[in-house]
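Before any comments, here is the structure.
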Amino acid sequence: MKIIQKAIACCLGVIATISFCSCGFFGAKELSVPAKAERLDYKERKEESYLAFKQATDEFSAKLTEGVYKISEKDENLAIAPLSVYMALALATECADGDTRTELLSALGVSYETLKANVSKLYRALNVEHKTSGVIGEKTLGKVNMSNSIWIDKSLEIKQACLDSLSQDYYAYSYQTDFLNKPNLANQAIESFIKRQTNGLIDEDMNFDDETLFVLMNTLYLKDVWNEYGKDIARTENSYTFKECDGETENLRFLQGKYISGRAYQGEGYTSFYTQTYNGYKIKFILPDEGKMMDEVFTSENIYTLNAVIDYSEIDDEKREEYYTRCLFPEFESEYDGDVSIILQNDFEIKSIFDIRACNLTNLTSGSPVFCPEVRHVAELKVDKKGIEGAAVTVMPKAGAPGPGEYTQVYLDFIVDRTFGFVLTDSYDTVLFTGVIGDV
């Protein structure tokens with residue numbers, strides 16, 4: 001009898017805005033649906049345990065971003081969704097035991113108790129729809145939707161307690177399919193799921209073969225507009241010269257963000273400021289100083305630091321000036337498709353889950369030996385005059401306002417006119433996308 005060894009294909013990504021119905025897909029049988037999730041309230045967001053957990057996700061995001069950037073082609077635009085990778089590893093943690101679980105928790109930067117207590121809060125914090133009302137009725141203009149799922153071969157003996165935990169604590173769907181005998185049909189079911197969950201942004205075969213026993217997958221989808229009712233953002237009247245990573249230049253009319261209180265943050269070798277969408281999602285730009293290369297400044301330390309900045313020096317008491325800044329930036333598209341397992345092994349010390357002799361996933365199954373052959377991450381992000389949209393799948397002390405006339409108001413422009421990095425967050429500074437743009 002053929003021994004099936006492959007265990008997990010962990011798929012992480014930015015996924016769909018459409019709620020997934022409880023009807024299954026052709027080629028897959030639905031075993032369980034996620035527990036009902038209520039929106040995270042303000043009090044829960046401010047709990048110390050949740051803030052510490054969010055900090056751990058931010059640290060992971062910064063470290064993974066640097067790792068992916070180091071091995072990526074520097075002449076191509078890059079975008080990843082590190083939080084999606086984090087969530088997929090969290091799913092694997094629930095299935096694991098022994099050293100495998102210990103390594104995963106160490107990489108995630110939390111204890112098992114902390115993960116169990118807060119992972120559902122993170123899910124509830126992110127899943128939201130932003131609606132607006134008009135003469136034609138209510139319309140959804142912005143949303144973030146995260147989806148977790150596990151896809152299990154029909155031959156695999158599974159432990160119901162693990163599936164129940166995935167459903168209750170991780171809001172995961174469970175599906176049964178036939179990788180062994182009908183891999184093409186299994187792939188079609190997963191491809192349909194991903195396509196539906198990403199509003200069609202991710203539409204490709206994950207190519208799971210007949211040695212696959214199960215797949216863990218996180219999906220995350222983001223969309224928002226710049227202005228109410230989806231009106232186009234203003235462009236600059238004049239063109240700006242953008243210097244690309246290869247030294248070539250493009251003359252473009254930039255997108256023109258709204259004025260935001262404060263001045264650009266000056267880091268070591270770079271400056272940073274942000275623009276935001278109608279519902280508060282932020283694109284935080286990392287602009288290298290003249291003479292600096294992206295490699296020198298796009299580091300995990302800088303990514304984490306700039307995402308934590310809350311003081312943008314809006315007041316200069318000595319000069320009696322109050323500052324407002326707007327970002328002028330180009331439209332851009334970026335993407336990523338690759339196996340991040342080498343980064344997880346080398347930078348995060350996750351070893352055993354990728355080793356057939358050491359992998360311990362006995363919390364889910366005590367049947368055939370299983371391991372994870374890869375962690376594929378696919379992401380796409382587009383920023384244009386309408387707003388932002390992204391998807392990925394792998395298999396975030398202000399003084400009181402001054403009185404009128406006390407300060408001179410100074411309006412500044414933060415011009416993103418050369419290769420830049422970015423961190424895209426929600427309004428609470430939870431990292432959703434990161435990347436580098438060198439070609440517009």
Side-chain angles (χ1 to χ4, degrees), residues 7-8 10-12 31-61 63-64 82-128 144-152 158-174 214-220 344 348-350 352-353 359-366 370 372 375 394 426 428 430-431:
I8 306 178
C10 289
C11 295
L12 314 150
L31 300 178
S32 63
V33 297
K36 185 178 179 181
E38 301 291 341
R39 182 77 189 277
L40 195 70
D41 63 36
Y42 182 78
K43 182 178 180 181
E44 290 176 298
R45 288 182 184 274
K46 295 301 180 181
E47 291 174 353
E48 289 187 12
S49 62
Y50 178 71
L51 292 175
F53 178 73
K54 181 181 171 300
Q55 180 178 337
T57 68
D58 289 344
E59 292 172 350
F60 176 92
S61 294
K63 189 174 181 179
L64 181 69
L83 190 61
S84 184
V85 179
Y86 190 97
M87 186 61 78
L89 294 176
L91 294 175
T93 300
E94 189 60 33
C95 299
D97 207 349
D99 289 343
T100 302
R101 175 179 281 184
T102 299
E103 290 177 1
L104 288 168
L105 289 169
S106 177
L108 297 178
V110 294
S111 67
Y112 181 64
E113 292 73 21
T114 298
L115 180 66
K116 292 282 283 187
N118 291 282
V119 70
S120 62
K121 295 177 182 178
L122 179 62
Y123 178 98
R124 291 164 52 210
L126 292 178
N127 282 273
V128 60
V144 173
N145 193 58
M146 176 177 281
S147 169
N148 293 322
S149 61
I150 181 171
W151 301 72
I152 307 163
I158 56 176
K159 297 180 179 180
Q160 188 61 43
C162 184
L163 291 189
D164 292 343
S165 181
L166 290 173
S167 172
Q168 293 295 320
D169 299 326
Y170 298 80
Y171 300 103
Y173 294 96
S174 298
F214 69 96
V215 171
L216 294 173
M217 182 163 62
N218 168 263
T219 68
L220 175 65
L344 297 175
F348 291 88
E349 297 294 322
I350 301 176
S352 65
I353 198 170
C359 183
N360 182 344
L361 296 171
T362 54
N363 199 45
L364 174 69
T365 178
S366 55
V370 293
C372 180
V375 180
T394 327
D426 68 0
Y428 292 91
T430 302
V431 178

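What you see is a predicted model, and the numbers here were worked out from it, not measured in a lab. Positions are given from 1 along the sequence.
- Listed for the Thr365 side chain is no donor-acceptor partner under 3.5 Å among the backbone atoms of Ile158.
- Arg39 and Arg45 get closest at one heavy-atom pair: NH2-NH2, 3.4 Å.
- Note that OH of Tyr50 is 7.5 Å distant from NZ of Lys54, once rounded to the nearest 0.5 Å.
- Considering only heavy atoms from C-beta on, Leu344 comes within 4.5 Å of Leu89 through its side chain.
- Residues Tyr171 and Met146 fail the side-chain proximity criterion, which asks for heavy atoms closer than 4.5 Å.
- Contact record, Glu94 with Ser165: OE2-OG, 2.9 Å, taken as the closest heavy-atom pair.
- Rounding to the nearest 0.5 angstrom, the gap separating the CG atom in Asn218 from the CG atom in Leu83 is 7.5 Å.
- A donor-acceptor pair under 3.5 Å is absent between the side-chain atoms of Asp97 and the main chain of Asn360, judged by distance alone.
- Without hydrogens or angle criteria, Glu44 side chain to Asp41 main chain gives a donor-acceptor distance under 3.5 Å.
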Check your understanding: What do the steps show when you test Leu31 against Ile152 for side chain to side chain contact (heavy atoms under 4.5 Å, CB included), and what is the final call?
Key -> CA-CA 10 Å; Leu31 300 178; Ile152 307 163; 4.3 Å; yes

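- Looking at Leu115 and Tyr170, their side chains come closer than 4.5 Å, going by heavy atoms from C-beta outward.
- Taking each heavy atom of Ala56 and Val110 in turn, the nearest pair found is CB-CG1, 3.8 Å.
- Pairing each heavy atom of Ser167 with each of Ser32, the nearest pair is CB-OG, 4.5 Å.
- Residues Tyr123 and Asn148 meet the side-chain proximity criterion, which asks for heavy atoms closer than 4.5 Å.
- Val431 places none of its side-chain heavy atoms less than 4.5 Å from the side chain of Thr57.
- Between Tyr86 and Phe53, the ring planes are perpendicular. Angles over 60° get that label, and only those under 30° would be called parallel.
- The shortest distance between side-chain heavy atoms of Cys95 and Leu166 falls below 4.5 Å.
- Put simply, CD on Glu349 and CD on Glu103 are 8.0 Å apart, with the number rounded to the nearest 0.5 Å.
- In this structure the side chain of Met217 never reaches within 4.5 angstrom of the side chain of Ser147, judged on heavy atoms.
- In summary, of the residues considered (Asn363, Thr362, Leu361), a side chain to side chain contact (heavy atoms under 4.5 Å, CB included) with Arg101 occurs for Asn363 alone.
- In this model, a donor atom of one side chain and an acceptor atom of the other lie less than 3.5 Å apart for Asp164 and Gln160.
- The shortest side-chain heavy-atom distance between Phe214 and Leu364 falls under the 4.5 Å cut-off.
- What you find for Leu40 and Ala125 is that their closest heavy atoms are CD2-CB, 3.7 Å.
- Tested against Thr93 for a side chain to side chain contact (heavy atoms under 4.5 Å, CB included), the candidates Leu108, Ile353, Thr100 yield a single pass: Leu108.
- A donor-acceptor pair under 3.5 Å is absent between the side-chain atoms of Ser106 and the main chain of Thr102, judged by distance alone.
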